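This is a predicted model, so every value here is computed, not measured. Below, read A as the first sequence line, B as the second, and so on, with proteins coming before strands; counting in each chain starts at 1.
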Amino acid sequence: MKRLSAALALLAAAGTSQAAQLDIQITNLTRGSYFTPFLVAAHPGDVNLFSSGSPASASLQAMAEGGDISALVADISAVNASVVENPAAGLLAPGASAFASINTDGAPDNTHLSVVAMILPSNDGFAGLNAREIPTEPGTYIWNVNAYDAGTEGNDEVIGSGAPGEPGYPAPPPVAASSGTGGTGIDASAEGFVHIHRNVLGDDNPTGGNSDIVNSVHRWLNPVIRVVVTVSD
Amino acid sequence: MKQLLFLSSMLLLTACGSNNNDNPAPVAPPAPPPEVTNAGFEVSIVNLTAAQPLSPVTVFIHNVELQLFAIGESASAELEVLAEAGDNSQLLDSVDASAEASGSAPLGPGASESLSLELDGDDTSGLRLTLLTMLVNTNDAFTGINAVDISALEVGQSMTLNGRSYDAGTEANTEAADSIPGPAGGGEGFNAVRDDIADQVTGHGGAVTLDDGLSGSALNHTHRWDNPVAQFRITRTQ
């Protein structure tokens, strides 16, 4: 009983409870790029999956180079985040949307939202909503999200590996279908820090040139995804 | 019958002219309805691009049900004509709007203009505003405002919005002169064939241009752009 009243007093002191139901829609705004499985997480405000201008973590690198979110999930789960993995059940196609729901009733410290996924085709490009504070007032909020370069791999723009530290980009079927082949590779090296992506270059040669990315199909302009969050009590 | 009687007494009164001192006093006319000031809005547009004229800007104020485009959805035939040719006549003809306005000429790079719209009455509940205009030195790029809620704007209040570029998804982005209606191409505008990579509206990836490696492009580096491509300001004026 004592405990209960203490809890009630805490709630009263806090004024409004942070607990909320979040219904999240993620839309791929690009013309011809896909996103690998998304990680959607509500987490404490002092945690970031990445920081612009700083080197990427190994976990972020695995996501940005190959779409593997397992290490990021482990990292963020260690701080008791509320996590949704892979809401699109695979690749999110151009123009398509994925939906995720998070309830933070049992986790009032999870006040910030992060959403990340790799862009394909790209060497280490990703869309990143980075620890955005979740409004406490019920309503619908629209956030436009930019593309970042993880800075961990040179942007050679040829089909290759999704393993961290190996060159090239992975090309699952729809990405392979829209890519070229036979590119000799752009001479590029890892930048060393997370930054806003300068966009893919691509070329118009389907069987050669220096890039397997197609310039009239795969280029994007920011924002590359739209996150619509509906907050309710 | 009652109405007929009323009418005939009106006629009688009229016939009597001003010499009516001996006639019974006319029935007091019904009180005039309280004066209503029609709600009015001004929409100003700034073209933020370097070398992409915007086709005559089209603005609709409409009800909450209408949405003229959506990411991932196929463009309507009317939107296709606007996005490929800069021709808004089909949209103006087909959209059932509470108020509409159209610019009289293309809006050049760096240029701005204001359009005024007046509603019939002062009820703004549920009202949305949509604006559409083509980037004319492209195959099928457009920008605009997509059904933004203006119902809560008070007189004198305004909101500022940035317009990103969209691809209508109705024409392949060859950038060839014969497929670009603007001054950089001088070619064909509308073509009913839908040959883009997918028949859906998406964000635009920007112009590639000949300078950046697209063979056959009639565009050069000046025709490139970044988002936002236009800035909009909606003001409730009355």
Side-chain angles (χ1 to χ4, degrees), chain A residues 25-35 88 92-98 119 121-122 127 139-140 142 144-147 157 174-175 177-180 183 186 196-206 208-211 213-228, chain B residues 48-49 52 69-75 135 138-143 145-149 152 161-176 179 195-217 219 224-229:
Chain A
Q25 178 180 4
I26 303 165
T27 301
N28 179 348
L29 302 178
T30 72
R31 199 172 125 69
S33 305
Y34 291 76
F35 289 94
L92 185 67
S97 293
I119 302 171
S122 79
T140 297
I142 300 174
N144 286 317
V145 178
N146 293 330
E157 300 194 357
V175 178
S178 64
S179 290
I186 294 167
I196 288 288
H197 204 293
R198 57 189 181 276
N199 202 346
V200 292
L201 189 58
D203 65 32
D204 64 355
N205 186 336
N210 56 10
S211 173
I213 293 177
V214 181
N215 57 12
S216 60
V217 172
H218 296 127
R219 288 193 183 185
W220 66 77
L221 293 175
N222 286 323
V224 291
I225 63 169
R226 184 172 62 206
V227 175
V228 180
Chain B
L48 300 179
T49 70
Q52 289 286 345
F69 71 96
I71 294 284
E73 302 288 330
S74 177
L135 281 66
T138 67
N139 291 92
D140 60 341
F142 68 98
T143 185
I145 300 171
N146 194 2
V148 70
D149 185 348
L161 303 159
N162 283 325
R164 74 155 299 160
S165 52
Y166 297 93
D167 191 307
T170 58
E171 184 175 306
N173 292 356
T174 61
E175 302 179 8
S179 67
D195 57 358
D196 211 336
I197 52 174
D199 182 7
Q200 61 177 2
V201 176
T202 62
H204 204 290
V208 181
T209 82
L210 184 63
D211 287 338
D212 211 6
L214 183 58
S215 318
S217 173
L219 307 181
R224 289 154 40 98
W225 70 84
D226 203 346
N227 289 325
V229 291

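Across all their heavy atoms, A:R31 and B:T202 have their closest contact at CA-OG1, 3.5 Å. Counting all heavy atoms, side chain and backbone alike, B:L214 lies closest to A:N215 at CD1-OD1, 3.7 Å.
Among A:N199, A:L29, A:V217, A:N144, the residue with the largest count of heavy-atom pairs under 4.5 Å with chain B is A:L29. Interface check for chain B: of the options A:V224, A:T30, A:N205, A:L221, the most heavy-atom pairs under 4.5 Å are formed by A:L221. For the options B:G213, B:S217, B:G205, B:G203, heavy-atom pairs under 4.5 Å to chain A are most numerous at B:G205. The choice from A:P223, A:A93, A:S178 that makes the most heavy-atom pairs within less than 4.5 Å of chain B is A:P223.
Only the side chain of B:S165 comes within contact range of chain A, with heavy atoms under 4.5 Å apart.
A:S216 and B:N173 form no side-chain donor-acceptor contact under 3.5 Å, judged by distance and modelled atom types alone.
Atom CG of B:D212 sits about 6.0 Å away from atom CG of A:L201, to the nearest 0.5 Å. Here B:D226 contributes atom CG and A:N222 contributes atom CG; the two are 7.5 Å apart, rounded to the nearest 0.5 Å. Separating the CZ atom in A:R226 from the CZ atom in B:R164 is a distance of 9.5 Å, to the nearest 0.5 Å.
Applying the side-chain contact (heavy atoms from CB on, under 4.5 Å) rule to A:S97 yields the partners A:Q25, A:T27, A:F99; only residues at least two apart in sequence or on another chain are considered. Residues that satisfy the ring pair (Phe, Tyr, Trp, His ring centres under 6.0 Å) test with B:F142, not counting sequence neighbours, are B:F69, B:Y166.
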